[in-house]
2 protein chains.
Amino acid sequence: MALKAKRNAAGRPSADELPVRRADALRFALEADIVTGVFSPGDRLDEQTLADRFGVSRTPLREALSQLAATGLVTLLPRRGAFVASLGFRDIIERFEAMAALEAMAGGLAARRIDGPGRRALQAALDDCRAEAADGDSDTYYLANERFHHVIYAEAHNDFLGDEARRLHMRLKPYRRLQLRAGARVATSLAEHERIVEAIFAGDTAGAERELRAHILVQGDRLSDFIATLDRSGLG
Amino acid sequence: MALKAKRNAAGRPSADELPVRRADALRFALEADIVTGVFSPGDRLDEQTLADRFGVSRTPLREALSQLAATGLVTLLPRRGAFVASLGFRDIIERFEAMAALEAMAGGLAARRIDGPGRRALQAALDDCRAEAADGDSDTYYLANERFHHVIYAEAHNDFLGDEARRLHMRLKPYRRLQLRAGARVATSLAEHERIVEAIFAGDTAGAERELRAHILVQGDRLSDFIATLDRSGLG
DNA sequence: ATTGCATTTCTTGTATACGAAAATGTTGAC
DNA sequence: GTCAACATTTTCGTATACAAGAAATGCAAT
């Protein structure tokens, strides 16, 4: 059966969207705007304004907001409107703890389930991290780090686990922007990656779990410390 | 049944009253109908039919379905409708693995963070499990088991972790109904609970994690075994 | 009888309209 | 000058209307 991408009669100048429903496209767009910092935590998301901006009615936009609220990226106050969800000090720590649990499990599973191609992929991801760390650009290192963790999710052979971890990661992304200049963190992060790969390659389940959990938790601690030094008025 | 419309941020389940938003009430009602088996995995959820049943228009009902889809309890096929999400063999295993990770983390945190009142609550929950197990009614034991785990979530002092675990639990509930007659499982489950409490009371973080992880994973294994013996046509 | 196609019908997705609640602004009293 | 009560306005929540896509049905042709 051929998949025909039929166009709508209304000649809309917008770029072709893969999602069939406008609500999906809106959800992705808003998600991106929140994660990339176009909207900051606490910002009010007016339905009509956004609907006008995207050239749609309020109906699909409300649906997108509703879905984002279910994801946790948006807070929906009854009869008061939608806001970019603000995580407090404690909320962030809690999420890092949960993420550490998921990542540790993924690492442990990967240590037991990784195969030949997976080994090569993980080694390549680690090499990338090394290269970016040597470059000293913490921005590109962050991307390499992301890919590294995605490889681990994949080698855990548990799609749900990976999806949840990615979801949490996205959820925390607006706050990571706060500590862009990682300083010495890049070096220690890379060292941790090395130990993680070592454990996974050795089939050391417990070791992979331990290393990954620490790797995530320390990020939460660092972010918390960083936030604690800021004016907390804007962070709920 | 009168329903207070005040301080209802989370919403309450009620089909015919208006808590804050109809969509919330509908979400809870549908959630309940799905986990209690009124609707089975794979069932089609017709918008107009449900709207008529609840005496509302399609708009809030669509919002409820959308939220349930974001939670994972409902699958939304574009232009084809909403269905009670069907989990395959592998999906279930994956979710139990993730749940094991979260529960293990919760147990470990509880072992370190539990306080006096928490100890009493956990002991009481364990006593309840003992009593229900002695009764031999696996239905009420299931409820006591649920309360037991909720106490652990609470004593982990990580609300997010608890929420996620509860969400997963609800997500898997439709499938647990398949193995109601637990047989000898109740006895072994209780024994596991005893060891879990022992570890938590002893402040044995690693032990609590280990016991809880095994406690959850074995449930996934058992459910998988059970499903494997059934006709898989209805289970996707 | 079966297959292919066209039409019809049903359902979803989006837009618009309307009522209600909350935020806001104004005015008056103290 | 401040506060409070009232009116206004904004915007949320729901209902209804309409458009578009997919499934179902019927008809025709082989």
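Chain naming here is simple, since letters A, B, ... match the order of the sequence lines and numbering starts at 1 in each. Note that the coordinates shown come from a computational prediction; the quantities given were computed from them, not determined experimentally.
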K.L.:
Under 3.5 Å between N/O atoms: give me all the protein pairs with nucleotides 16-18 of chain C, atom names plus distance.
P.N.:
from: C:dT16; atom 1: O4; to: A:T59; atom 2: OG1; distance (Å): 3.3

K.L.:
Does B:R119 have any side chain to side chain donor-acceptor pair (under 3.5 Å) partners at least two apart in sequence or in another chain, and if so, which?
P.N.:
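In terms of side chain to side chain donor-acceptor pair (under 3.5 Å), with neighbours along the sequence ignored, B:R119 is linked to no residue.
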K.L.:
Roughly how far, to the nearest 0.5 Å, is the CG atom of A:L65 from the OG1 atom of A:T75?
P.N.:
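Rounded to the nearest 0.5 Å, the OG1-CG separation comes to 11.0 Å.
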K.L.:
When the distance from CD of A:Q67 to P of C:dG13 is rounded to whole Å, what number comes out?
P.N.:
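Going from A:Q67 (CD) to C:dG13 (P), I get 11 Å.
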K.L.:
Would you classify A:R80 as touching base, sugar-phosphate or nothing, given that sugar-phosphate means primed atoms plus P, OP1 and OP2, and contacts are heavy atoms under 4.0 Å?
P.N.:
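Touches sugar-phosphate only.
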K.L.:
Would you say a side-chain N or O of B:R62 is under 4.0 Å from OP1 or OP2 of C:dG13?
P.N.:
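True: B:R62 side-chain N/O within range (under 4.0 Å) of C:dG13 OP1/OP2.
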K.L.:
Is the phosphate of D:dA22, meaning OP1 or OP2, less than 4.0 Å from a side-chain N or O of B:R79?
P.N.:
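So the side chain of B:R79 is outside the cut-off, no N or O lying under 4.0 Å from OP1 or OP2 of D:dA22.
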K.L.:
Is there a donor-acceptor contact under 3.5 Å linking the side chains of A:Y153 and A:E103?
P.N.:
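Yes, a side-chain donor-acceptor pair sits under 3.5 Å.
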K.L.:
Once you round it to whole Å, what is the distance between P of C:dG13 and CZ of A:R27?
P.N.:
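Taking CZ of A:R27 and P of C:dG13, I get 14 Å after rounding.
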K.L.:
Would you kindly give the CG-to-C1' distance between B:L77 and D:dA22, to the nearest whole Å?
P.N.:
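So the two atoms are 12 Å apart, to the nearest Å.
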K.L.:
Hey, is the side chain of B:R44 poking within less than 4.0 Å of OP1 or OP2 on C:dC10, counting only N and O atoms?
P.N.:
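No, no such contact exists.
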K.L.:
Select one nucleotide: of C:dT12, D:dT14, D:dG13, the one nearest the side-chain heavy atoms of B:A23.
P.N.:
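Closest nucleotide among those given: D:dT14.
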K.L.:
From the list D:dT11, D:dA15, C:dA15, which nucleotide is the closest neighbour of the side chain of A:D46?
P.N.:
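Nucleotide nearest to A:D46's side chain: D:dT11.
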K.L.:
Got a second to check how far A:L45's CG is from A:L76's CG, nearest 0.5 Å?
P.N.:
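A:L45 atom CG to A:L76 atom CG measures 9.5 Å (nearest 0.5 Å).
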K.L.:
To the closest 0.5 Å, what do you measure between CG (A:L102) and CG (B:L102)?
P.N.:
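Going from CG on A:L102 over to CG on B:L102, the span is 5.0 Å.
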K.L.:
Between A:Q48 (CD) and C:dT14 (P), how many Å, whole number?
P.N.:
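So the CD-P distance, A:Q48 to C:dT14, works out to 16 Å.
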K.L.:
Quickly work out the B:R21 CZ to C:dA20 P distance and round it to whole Å.
P.N.:
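Roughly 19 Å, once rounded to whole Å.
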K.L.:
Rounded to the nearest angstrom, tell me the gap between atom CG in A:L61 and atom P in D:dC12.
P.N.:
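Those two atoms, CG and P, are 10 Å apart.
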K.L.:
Using whole Å, report how far CD of B:E47 lies from C1' of C:dC10.
P.N.:
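Roughly 12 Å, once rounded to whole Å.
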K.L.:
With heavy atoms under 4.0 Å as the rule, sort A:E63 into base, sugar-phosphate or nothing.
P.N.:
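It contacts nothing in the nucleic acid.
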K.L.:
Atom CG of A:L76 to atom P of D:dT11: distance rounded to whole Å?
P.N.:
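Value for this atom pair: 16 Å.
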K.L.:
Could you work out, with ring-ring contact (aromatic ring centres under 6.0 Å, His included) as the rule, every residue matching A:H215, not counting sequence neighbours?
P.N.:
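A:H215 satisfies ring-ring contact (aromatic ring centres under 6.0 Å, His included) with A:H149, A:H193 only.
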K.L.:
As an exercise, state the distance from CZ of A:R62 to CD of A:E47, rounded to the nearest 0.5 Å.
P.N.:
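Reported value, rounded in 0.5 Å steps: 4.5 Å.
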